[in-house]
Engineer: 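The structure follows.
Worth knowing before you read on, the calculation uses all heavy atoms, side chains too, and leaves out hydrogens, waters and symmetry mates.
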Amino acid sequence: SHRTKMAEALDATEAIDEEIPELNLGVLDLTSQDDYILDEAAGHIRENLEDELVQEALQKGVDLRQYSRQIEADLREVENQSIEDYIKESQHIARLHRQIQSCDTILERMEQMLSSFQADLGSISSEIQTLQEQSWSMNVKLKNRQAVRGELSQFVDDIVVTEGMVKHILDTPTSEQQFMEQLHELDHKLNFAKLQQFKDTAAIADVKDVLERLKIKAVTKVRDSLMALIAQFRKPMANYHVPQNSMLKFRYFNEFLMAHHRPTAAELKDEYVDTMSKILYSYFKTYQSRLMKLQYEVVAEKDDLMGIEDTAKRGFFSSSKPSLKSRSTIFTLGDRACVLTTELEDPVIVPHAAAKSLKKFSFESLYRSLNYTLLDNACREYLFVVDFFAVSGDDALALFNAIFGRTLQILQKHMESYVCTCYDAIGVFLCIHINDRFRKIVHRRSVPALDRYFEKIDSLLWPQFDRILDLNVVSIRDCDPSKLGNIDVMPHYITRRYAEFSAAIVGINEANPDDRVQRALAVLQAEVENFILRMAAEFPQRKEQLIFLINNYDMMLSVLTERTTDAKETESFQQLLNARTQEFVEEVLSPGFGGMIAFVKDAESALEHSRPIRVSQHDVELLVRGFSADWKKSIDDIDHEVMRSFSNFKNGTAILQGTLMQLVQYYHRFSKLFSHSPMRSMSVRSDLINIHHVMVEVKKHKTAF
């Protein structure tokens, strides 16, 4: 039976071999590789010898041949078992082979199907690519058509003249918004037609005549409308600002004329310039004339100078003239400076209203009102021409000067004729500073049109101001004190004039300092100081001279300090006042305490030069007893004299206190001399009045003052 099974297995194997094609083993064919096998066998032998089991068998002395035969027997047994297992599974192997063949057939059909799918997909991809190309081409064509349509549509819109445009241009009043809108549209079409003419566009010929006729009609209506507004300026009692504001609403009319009919635009501008020039010239000429009638009747004249004595015949101070309440003074500022501060931008003076209320004004107030009116109208006019006529820079200035030229000339001529006969230095100086402030105002409004006018006025005012100061300097220099009549030690009216005038000029100049003013005032101050010294020389006694100088220096210093903040003149007069005050103290102490003072100075000088004090006891006794007997009476006499001598109570108090303190110091120094030889041993030392008693008496007079 074993052989029968082996035969069946071999038959099955042969059947499988018939179905399986013959294998080409190639390099795997061991029969053709004897040398390789031998080498490989040798290698296996070496590896087997290294095996642990083989080494163990060798160590135990096992017979390898017997061991090999045993192994071969085991292998044959295993081989037989393997053959039996193979025979048992032969049917399964054959069934597996058939299944593999069936799968191979199915896979082959799937391969064919996938190949077909691949071919179909390739065809679809080609079609998609074709569709993409067609889509891109159609998209380009669409864009081109849309671009052409947009250009053509815009071209048609730009060139076609609608019925509504024709109707509004012909029939609608220029004041209506529809006319303004259609005028903008007509301007656009005219510009577009001009542009297309350069491109030789044939379609322009169809609308050229229509556009030209509409342009002529629009120019005519716009011209008539603006001319009618300008004509309203010339109506009697008309406020030209109203039609001027209306013109600003139609500023585009001028732009249209400038773009499409320049002769008409030039005609319109010339008509406006001519009309406004006449209106402004007439207005300012009349306003200026009426303002000057409101000036104070009494004004400064050529002889109204600081050095002119009161006894001379003078128009300003004559009793037959109006009082100071009805006019501004020459040398005093008063409230005239308000024209630079609170009143600078006040409403202008209305001549008929002021005349009705019988009001009178100083020249600087009239000048402020006139020039503030000019400033306001000039700024408005400049901004109007810049806006309406669309000009700027030099063109705007040229147009402004064409309108305001005659007006500015008449104002300049008026100032020139008035200033040359004006001798009110404070008024002229106020006008200079009004100019400066008005110049800043127009600059804030971005209007440069009045710069040359203010420069011209300044060129008239400054020389006259310098001339008036020079006349005052000469009047003080030529003033002869001997011809001024009786004079006293009180502040002189000439120095008071100077103090008031200097404080006024310095106070005005503080807001905008000018070096030439400081130089002119320095010359005037030097002449006044020389005049005071000449006046003081008229007094026979030195004490009277000092009182006169102190009173005048103190008066000038008080006025300058009160009216100014940091005047250079105050420092100079303060130094002069201190020097004369110190000298007066020595003079007033001399009658009652002159001997003691002289003795103290001589003795201290001797001690300073290390010389002995040479004095007799009799002389010292006379000094001590004389002081003890008369010191209180002498202090009272000094008190009364100082009170009578100085007009300024505060200054008199300070001088009295200084005098008494100087007396205390002299007496203290006199007392200290008794600690030196030979006075140390004199018995009269015990008769000295205690210095504390002197100080108590001095304090009594301090309380009184």
Side-chain angles (χ1 to χ4, degrees), residues 158 161 165-166 168-198 207-235 238 240-281 377-407 447 449:
D158 290 339
V161 179
M165 173 185 287
V166 175
H168 285 303
I169 293 295
L170 295 178
D171 301 330
T172 303
T174 56
S175 58
E176 297 292 334
Q177 181 64 26
Q178 292 86 348
F179 179 84
M180 183 71 72
E181 294 174 356
Q182 294 304 320
L183 190 66
H184 278 277
E185 188 66 22
L186 177 60
D187 174 61
H188 174 72
K189 292 184 183 299
L190 290 170
N191 292 331
F192 182 77
K194 290 179 182 178
L195 179 63
Q196 294 303 321
Q197 280 183 337
F198 290 109
V207 296
K208 180 179 179 181
D209 293 339
V210 177
L211 289 175
E212 187 66 23
R213 289 195 295 270
L214 285 176
K215 182 186 78 171
I216 294 173
K217 182 62 177 178
V219 168
T220 302
K221 292 183 68 174
V222 166
R223 176 193 176 279
D224 293 343
S225 175
L226 293 178
M227 285 296 187
L229 287 174
I230 294 175
Q232 295 180 21
F233 293 7
R234 295 190 291 268
K235 292 182 178 180
Y240 71 89
H241 290 164
V242 176
Q244 197 175 56
N245 291 334
S246 299
M247 288 183 68
L248 283 177
K249 297 178 182 179
F250 304 116
R251 63 173 66 86
Y252 180 72
F253 288 175
N254 183 68
E255 295 180 18
F256 182 83
L257 294 177
M258 290 291 293
H260 302 293
H261 205 272
R262 284 187 174 272
T264 302
E267 178 191 5
L268 176 69
K269 183 171 69 174
D270 292 342
E271 180 67 16
Y272 177 82
V273 169
D274 182 66
T275 300
M276 284 304 301
S277 176
K278 291 178 180 178
I279 291 174
L280 292 171
Y281 177 81
N377 283 271
C379 289
R380 179 186 179 86
E381 192 62 31
Y382 179 84
L383 296 175
F384 172 82
V385 299
V386 167
D387 191 0
F388 185 81
F389 293 103
V391 292
S392 60
D394 293 339
D395 294 336
L397 291 176
L399 184 57
F400 174 84
N401 290 329
I403 297 171
F404 257 95
R406 294 177 61 203
T407 301
V447 176

Engineer: Search all heavy atoms of Ile169 against all heavy atoms of Lys217 and return the closest pair with its distance.
Structural biologist: O-CG, 4.0 Å

Engineer: With rounding to the nearest 0.5 Å, note down the distance linking CZ in Phe389 to CG in Leu268.
Structural biologist: 5.5 Å

Engineer: Roughly how far, to the nearest 0.5 Å, is NZ of Lys249 from CD of Gln244?
Structural biologist: 13.0 Å

Engineer: Would you check if the side chain of Asp274 reaches a backbone N or O of Asp270 as a donor-acceptor pair within less than 3.5 Å?
Structural biologist: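 No; zero donor-acceptor contacts below 3.5 Å.
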
Engineer: Identify the two heavy atoms, one from Leu248 and one from Arg251, that lie closest to each other, and give their separation to 0.1 Å.
Structural biologist: O-CZ, 3.1 Å

Engineer: Below 30° counts as parallel, above 60° as perpendicular, anything between as tilted: where do the rings of Phe256 and His260 land?
Structural biologist: tilted

Engineer: For the pair Met165 and Lys189, evaluate side-chain contact (heavy atoms from CB on, under 4.5 Å) and give the outcome as yes or no after the intermediate values.
Structural biologist: CA-CA 11 Å; Met165 173 185 287; Lys189 292 184 183 299; 3.4 Å; yes

Engineer: To the nearest 0.5 Å, what is the distance between CG on Asn191 and CG on Leu186?
Structural biologist: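 Those atoms lie 9.5 Å apart.
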
Engineer: Is any side-chain heavy atom of Lys221 closer than 4.5 Å to one of Asp224?
Structural biologist: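 No, too far: nothing below the 4.5 Å cut-off.
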
Engineer: Run the salt bridge (Lys or Arg N to Asp or Glu O under 4.0 Å) test against Arg234 and tell me which residues pass, sequence neighbours left out.
Structural biologist: Glu271

Engineer: Under the side-chain contact (heavy atoms from CB on, under 4.5 Å) rule, what do Val447 and Phe400 come out as? Steps first, then yes or no, please.
Structural biologist: CA-CA 11 Å; Val447 176; Phe400 174 84; 5.9 Å; no

Engineer: Of all residues at least two apart in sequence or in a different chain, which pass the salt bridge (Lys or Arg N to Asp or Glu O under 4.0 Å) check with Glu212?
Structural biologist: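 Testing Glu212 for salt bridge (Lys or Arg N to Asp or Glu O under 4.0 Å), a comparison that skips the adjacent residues, returns Lys215.
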
Engineer: Using the side-chain contact (heavy atoms from CB on, under 4.5 Å) rule, take Ile403 and Tyr382 through it: C-alpha gap first, then chi angles, then the decisive distance, then the call.
Structural biologist: CA-CA 9 Å; Ile403 297 171; Tyr382 179 84; over 6 Å; no

Engineer: Are the side chains of Asn377 and Thr407 in touch, meaning some heavy atoms are under 4.5 Å apart?
Structural biologist: no

Engineer: List the steps and the verdict of side-chain contact (heavy atoms from CB on, under 4.5 Å) for His168 and Phe179.
Structural biologist: CA-CA 6 Å; His168 285 303; Phe179 179 84; 5.6 Å; no

Engineer: Minimum heavy-atom separation for Ala396 and Val391, please, with both atom names.
Structural biologist: CA-CG2, 3.7 Å

Engineer: First locate atom CD of Gln178, then atom CD of Gln182, and finally report the distance between them rounded to the nearest 0.5 Å.
Structural biologist: 8.5 Å

Engineer: Do Met247 and Ile230 come within less than 4.5 Å of each other through their side chains, counting heavy atoms only?
Structural biologist: yes

Engineer: Less than 4.5 Å apart, side chain to side chain, heavy atoms only: is that true for Phe253 and Leu183?
Structural biologist: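 Counting from C-beta outward, Phe253 and Leu183 do come under 4.5 Å.
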
Engineer: Can you name the residues that form a salt bridge (Lys or Arg N to Asp or Glu O under 4.0 Å) with Arg213, not counting sequence neighbours?
Structural biologist: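 Partners of Arg213 by the salt bridge (Lys or Arg N to Asp or Glu O under 4.0 Å) criterion come out as none, since no residue qualifies.
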
Engineer: If I take atom CG from residue Leu399 and atom NZ from residue Lys269, how far apart are they, to the nearest 0.5 angstrom?
Structural biologist: 6.0 Å

Engineer: Heavy-atom count check: over 12 atoms from other residues, nucleotides or ligands less than 6.0 Å from Asp171 CG?
Structural biologist: yes

Engineer: Let me confirm one number: the CZ-CG distance from Phe404 to Leu397, rounded to the nearest 0.5 Å.
Structural biologist: 13.5 Å

